[in-house]
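What follows is one structure encoded as structure tokens, with my remarks underneath.
Atoms within a ligand are numbered from 1 in the order they appear, just like the ligands themselves. Values below: all heavy atoms of this structure, side chains included; hydrogens, waters and symmetry mates excluded. Numbers here simply count residues along the sequence, with the first being 1.
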Amino acid sequence: MRNPRAFLRPLAVGAPAPVSEVPFRPSRMIHFFDPSNEKMAAKVPDIAAKVDIILGNLEDAVKTEKKEAARLGLVEIAKKTDFGDTQLWVRVNSLDSPWVLDDLTTLVTEIGDKLDVIMVPKVEGAQDIHYVDRLLAQLEAKGNVKKPLLVHAILETALGVTNVEEIAGASPRMQGISLGPADLAASRRMKTTRVGGGHPGYLVRQDPTGDDLTEGRTTYQQDLWHYTIARMVDACAANDILPFYGPFGDIKDVVACEDQFRNAYLLGCVGAWSLHPVQIDIAKKVFSPSKEDVEHAKTVVEAMGDGSGAVMINGKMEDDASCKQCLVMLDLARELAERDPELKELYAL
Ligand SMILES: CC(C)(COP(=O)(O)OP(=O)(O)OC[C@H]1O[C@@H](n2cnc3c(N)ncnc32)[C@H](O)[C@@H]1OP(=O)(O)O)[C@@H](O)C(=O)NCCC(=O)NCCSC(=O)C[C@H](O)C(=O)O
Ligand SMILES: [Mg+2]
């Protein structure tokens, strides 16, 4: 365990000091692209202008023979693109792979000052974060990187979920955690072959009303990911870092994608992954508070004055706690309005 007084000291001589707080920037979608795919790479400048975070993916979904091309492609794209306010992230290969050491060495020393966050897949415990933490410090020093890189873990093994609290607090570099439902399903030996989303077999059924057990019993599909998302959100909130839902693989089913994203939003996630351009606007819509929610929050905060006591608004009791809920909504709305002129007008903040 680290000396708590040394928690915010650099882990290598010449590395920048870690941040004491995760900078909150709009993070409604992490848009994945494969830097070795010429068509996708060509779209990066246009897509970067529309998203909060753009991520060069080097791990799963990139063919083995393209791993080096993807890494070098990302270096080239990062050097020649102006990302403006949009964050640039990378998902490196997993820590047990033959590529990750070269991923980190090349990226940090070549484009360390352009990158905001390193997403690390299949994190299983604090030891994985500690390894990346020290290595990043050494590479930042070697590459003369000025601002510390942050780390985002993907929760996608049963052991990772077991250790999610210690992962969330393992380093001041921890920026957030995403749910990786596909690898997690495999690791848990769940019997679903879908990439995220629900399953029609996971349901509850109304009690029987007569002798016929098959008649008139409505079924309700349940959310396979509720427990894990809720646990991840608690681990993140308890450590002041940000939780994200991950991928929704059924690209054509934009309706169910919106539902999955909204469940995550309501439970506390700040964003989700977009795997295809069609998912960008879904995430933007879902993870931006509605005009009605912002208006309600404003009304409550104004009526509550110093935030103490209780008032009735439209037949509902509001008090210190609901005022805090409204402040969460308003803080998010203000952050988003700063970046998005349409939201600024919509929210009238
Ligand atoms: C899912 C896809 C393979 C679909 O690609 P494609 O068949 O080419 O779709 P379209 O024909 O509809 O594409 C239309 C055009 O848009 C471009 N495109 C597609 N996706 C992207 C993108 N992500 N970014 C930029 N541009 C994109 C196509 O090239 C077409 O262009 P054009 O022909 O010029 O019109 C594909 O979308 C894809 O590969 N997406 C990313 C997949 C990915 O990153 N997967 C990994 C993350 S999920 C995961 O790892 C699981 C997780 O870890 C877990 O364990 O749960
Ligand atoms: Mg995965």
Checklist line | Salt-bridge present (Glu76, Lys80; N to O < 4.0 Å) | finding: yes

Check: Should Arg188 and Thr228 be marked as a side chain to side chain donor-acceptor pair (under 3.5 Å) after you check the CA-CA gap, both sets of side-chain angles, and the distance that decides it?
Finding: CA-CA 12 Å; Arg188 283 176 171 163; Thr228 317; 2.9 Å; yes

Check: Going by atom types alone, do Glu318 and Ser322 pair a side-chain donor with an acceptor below 3.5 Å?
Finding: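 Yes, a side-chain donor-acceptor pair sits under 3.5 Å.
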
Check: Between CD1 of Ile53 and CZ of Arg28, what distance do you get to the nearest 0.5 Å?
Finding: 10.0 Å

Next item on the list: Mind checking salt bridge (Lys or Arg N to Asp or Glu O under 4.0 Å) for Lys252 and listing every partner two or more places apart, or none if nothing turns up?
Entry: none

Next item on the list: Mind checking salt bridge (Lys or Arg N to Asp or Glu O under 4.0 Å) for Arg25 and listing every partner two or more places apart, or none if nothing turns up?
Entry: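 For Arg25, the residues satisfying salt bridge (Lys or Arg N to Asp or Glu O under 4.0 Å) (neighbours in sequence not counted) are Asp116.
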
Extract all N/O-N/O pairs under 3.5 Å that connect ligand 1 to the protein, and present each with both atom names and the distance rounded to 0.1 Å.
residue, atom, partner, partner atom, Å
ligand 1, 12 (O), His276, NE2, 2.7
ligand 1, 13 (O), His276, NE2, 3.4
ligand 1, 23 (N), His31, NE2, 3.4
ligand 1, 23 (N), Phe32, O, 2.8
ligand 1, 23 (N), Leu275, O, 2.7
ligand 1, 24 (N), His31, NE2, 2.9
ligand 1, 31 (O), Lys43, NZ, 2.9
ligand 1, 33 (O), Lys39, NZ, 2.9
ligand 1, 34 (O), Lys43, NZ, 2.6
ligand 1, 37 (O), Leu275, O, 3.2
ligand 1, 40 (N), Leu275, O, 2.8
ligand 1, 50 (O), Arg91, NH1, 3.0
ligand 1, 50 (O), Arg91, NH2, 2.9
ligand 1, 53 (O), Arg91, NH1, 3.1
ligand 1, 53 (O), Glu156, OE1, 3.2
ligand 1, 55 (O), Glu156, OE1, 2.9
ligand 1, 55 (O), Asp183, N, 2.8
ligand 1, 55 (O), Asp183, OD2, 3.0
ligand 1, 56 (O), Pro181, N, 3.1
ligand 1, 56 (O), Ala182, N, 2.7

Check: Which is it for Phe83 and Val44 under the side chain to side chain contact (heavy atoms under 4.5 Å, CB included) test, yes or no, and what are the steps along the way?
Finding: CA-CA 9 Å; Phe83 292 95; Val44 165; 4.0 Å; yes

Next item on the list: Return yes when atom NZ of Lys324 has more than 12 non-hydrogen atoms of other residues, nucleotides or ligands closer than 6.0 Å, and no otherwise.
Entry: no

Margin query: For Arg134, is the CZ atom crowded, meaning more than 12 foreign heavy atoms sit under 6.0 Å from it?
Written below: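 Count not over threshold, so no.
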
Notebook entry, point to check: What protein N/O/S atoms sit under 2.8 Å from the Mg ion (ligand 2), by chain and number?
Noted result: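 Less than 2.8 Å away from the Mg ion (ligand 2) sit Glu156 OE1, Asp183 OD2.
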
